[in-house]
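Following: one structure in structure tokens, then a few remarks.
Naming convention: chains lettered A, B, ... in sequence-line order (proteins, then strands); numbering from 1 in each chain.
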Amino acid sequence: MATIKVQKGTKDILPNDMPIWHFMEEKALEVFTKYGAKEIRTPIFEATELFARGVGDTTDIVNKEMYTFEKSERSLTLRPENTAGVVRSFIENGMHRLSAPVKLWYKGPMFRYERPQAGRQRQFHQVGVEVFGIKQATADAEVILMAVNYLKALGLNDLSVELNSLGCPECREVFKTKLKEVLKPYLSQMCPDCQARYEKNPLRLLDCKVPECNEIYAKPEIQAVIQSDFICEDCSNHFEELKAYLNELGVNYSINKLLVRGLDYYNRTVFEIKSNNLGSQNAVCGGGRYDSLVKNLGGEDTPAIGFAMGMERLASLLGAKECKLLDGYVVSNNPLEAIKLTEELRAQGVTCEFDLTNKKFVKQLEKASKVAKYAIILGEDEIAQGKVTIKNLETSEQKTVARNSNYFV
RNA sequence: GCGCCUGUCGUCAAGUGGUCAAGACCUCGGAUUGUGGUUCCGAUAUGCAUGGGUUCGAAUCCCAUCAGGCGCCCCA
């Protein structure tokens, strides 16, 4: 009979993988809590419209990567990212009335219908942070610090921070218009993707990898536009302020004028953190400011900035961590006494098991040596005398002590 | 959606047209009816993703389908 297999682009996170996931989750709680952030958990599906309006209906994510389904005449979608959901909750729960900043962090599965490859799955996990209510560059700096320090807490090095400013909608519009103007004569020579992007989101033209397109974009008059500081004075000041903070704080970063990001809601600060040790999907963190999203989704005008990290990508950088051994394994040929003793030990906070199949003594001891640090031997003699024998399986030392004593001193 | 590569035991694999499809790890049983991790012995794929085809003969060659991986695109 044909067996049912895990779906394309999804993976089991197996018991052996868990230590690394627990590590990532514990560090997230630990680090983000230090910044005053609180965890939030929002539903895995939301109204489709939330993503269409939030993420932007010109984006690939919304156009072709969403898992959308109908139920009771509602269009629902498995969340492809979590900023929209957190913003929805922020608005719905009136969090704009809380004292700013409101700092939230989350972790959980996201869903995008894409062709899987290294570092890209259809169900994947993100851990992220959103900070609401602060328009000053201090928030930008703090959010970047949260990302950097989380990665540091995981022990990850060899990461580089890339930074850019997209300006505000007004100055970006000016830039888009200029860019389209200079590119217009070459439109017919550009690749189909770029021709589509020319209309939909000209900013995303810039990091096309097709050689012909790059030739066009390398032309002096076009480079002049790309390299020009198009952003307005306010935006520019904001960006300069952020860079000054980062410089003083010793955060290494580089400016990447081509860094645009694929979600429509970003403005001003955008950043990515990349690893040199991943395949072509090398971004472990992406984020930026989204000052108009809360308002666009029907909330009070609230500035915000955040980031998300791909946990599978982090996990692959972290490598394997070993599963912990049990503290003890009860070796006995008396199942009833064995289960009683095991429960006693568990009640004392000791992780332990006993042999449910009542195998021969030698087999049980062999098993103990594989899964536990100590064998707790409870044989006929011990039962008769009200004692147990504790054997350290590493050093082979053993001692017989009274039942109910402190076994592991 | 497009390109390239790959499918042999739970896992890693050898085999690349000619007897029974190596080997290793894991698992299980035994040597060993109260002292393990070492060692030794034994068990484990009538089948090589699936379906066709070529051939006296196919895991091996061809076609299709399915699945997986990688890259483009996009993104975490």
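- Rounded to a whole angstrom, the distance from the C1' atom of G15(B) to that of C9(B) is 15 Å.
- When the side-chain nitrogen and oxygen atoms of Lys8(A) are compared with OP1 and OP2 of G68(B), one or more of them lie within a distance under 4.0 Å.
- The separation of G3(B) from U60(B), taken at their P atoms, amounts to 26 Å, rounded to a whole angstrom.
- When each of Ala283(A) and Glu366(A) is assigned the nucleotide of RNA chain B bearing its nearest heavy atom, the one mapping closer to the 5' terminus is Glu366(A).
- When each of Tyr113(A) and Val284(A) is assigned the nucleotide of RNA chain B with its nearest heavy atom, Tyr113(A) is the one assigned upstream, toward the 5' end.
- The pairing partner recorded for U33(B) is none, the criterion being a Watson-Crick or G-U wobble arrangement whose two distances lie under 3.5 angstrom.
- Look at G1(B): its Watson-Crick or wobble partner, with both distances under 3.5 angstrom, is C72(B).
- Counting any heavy atom pair closer than 4.0 Å across all strands shown, Asp381(A) reaches a base atom.
- Using N1 to N3 plus N6-O4 or O6-N4 for Watson-Crick, or N1-O2 and O6-N3 for G-U wobble, each under 3.5 Å, U27(B) pairs with A43(B).
- The side chain of Leu365(A) sits closest to U35(B) out of G37(B), U35(B), G69(B).
- In this entry A21(B) has no Watson-Crick or G-U wobble partner, no candidate having both defining distances under 3.5 Å.
- Remark: the separation of the C1' atoms in A45(B) and A59(B) is 12 Å, to the nearest Å.
- Salt bridge status for Arg74(A) with Glu49(A): absent, with no side-chain N to carboxylate O gap under 4.0 Å.
- Taking atom C1' in both C41(B) and G47(B), one finds a spacing of 27 Å when rounded to whole Å.
- Note that the CD1 atom of Ile44(A) and the CD atom of Gln123(A) stand 7.5 Å from one another [nearest 0.5 Å].
- For Ser369(A), the listed nucleotide lying nearest its side chain is G37(B); candidates were G34(B), G37(B), G71(B).
- Searching all strands for a Watson-Crick or G-U wobble partner of U55(B) with both distances below 3.5 Å returns nothing.
- Rounded to an integer number of Å, the gap from Tyr266(A) OH to C75(B) C1' is 10 Å.
- Between Gln117(A) and C72(B) there is a side-chain polar atom (N or O) within less than 4.0 angstrom of OP1 or OP2.
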### Query
Does the pair Cys352(A) and Leu326(A) meet the rule for a side chain to side chain contact (heavy atoms under 4.5 Å, CB included), with working shown?
CA-CA 6 Å; Cys352(A) 62; Leu326(A) 289 171; 5.6 Å; no

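- Rounding to whole angstrom units, CD of residue Gln121(A) and P of G68(B) are separated by 12 Å.
- A31(B) sits 45 Å from G69(B) when the C1' atoms are compared, rounded to a whole Å.
- Remark: the backbone N or O of Glu65(A) is not paired with any side-chain donor or acceptor of Arg112(A) at under 3.5 angstrom.
- Remark: side-chain polar atoms of Asn164(A) are paired, donor with acceptor, to backbone N or O of Leu259(A) under 3.5 angstrom.
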Tabulate protein N/O versus nucleotide N/O from nucleotides 2-6 of chain B, keeping only pairs under 3.5 Å, one per line.
residue	atom	partner	partner atom	Å
C2(B)	N4	Arg115(A)	NH1	2.7

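- Spacing of P atoms, U8(B) relative to U46(B), comes out at 15 Å, to the nearest Å.
- In this structure, of C72(B), C70(B), U35(B), it is C72(B) that holds the atom nearest to the side chain of Gln281(A).
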### Message
Protein within reach of the bases, or only the backbone? For nucleotides 24-30 of chain B, mark each nucleotide 5' to 3' as B, S or -, using heavy atoms under 4.0 Å.
### Response
-----SS

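- Within the 6.0 Å centre-distance limit, the rings of Phe90(A) and Phe132(A) are counted as a close aromatic pair.
- If you check G69(B), U35(B), C75(B) against the side chain of Thr389(A), the one that comes closest is U35(B).
- Counting distance only, with no hydrogens placed and no angle test, the side-chain atoms of Glu382(A) and the base atoms of G34(B) include a donor-acceptor pair under 3.5 Å.
- The listed nucleotides are C72(B), G36(B), G37(B); the one nearest the side chain of Glu394(A) is G37(B).
- The main-chain N or O of Gly119(A) is found under 3.5 Å from a side-chain atom of Arg313(A) such that the two form a donor-acceptor pair.
- Nucleotide U65(B) forms a Watson-Crick or G-U wobble pair with A49(B), both donor-acceptor distances falling under 3.5 Å.
- The pair Lys373(A)-Glu394(A) does not count as a salt bridge, with every side-chain nitrogen at least 4.0 angstrom from each carboxylate oxygen.
- When ring centroids are compared, Phe32(A) and Tyr150(A) come within the 6.0 Å threshold.
- Between the side chain of Thr395(A) and the backbone N or O of Glu397(A), at least one donor-acceptor pair lies under 3.5 Å.
- In the set G34(B), C73(B), U35(B), G34(B) carries the atom at the smallest distance from any side-chain atom of Val362(A).
- Judged as a side chain to side chain donor-acceptor pair (under 3.5 Å), and not counting sequence neighbours, the contacts of Thr269(A) are Asp140(A).
- One donor-acceptor pair, N or O on each side, does fall under 3.5 Å between the base of C73(B) and the side chain of Arg120(A).
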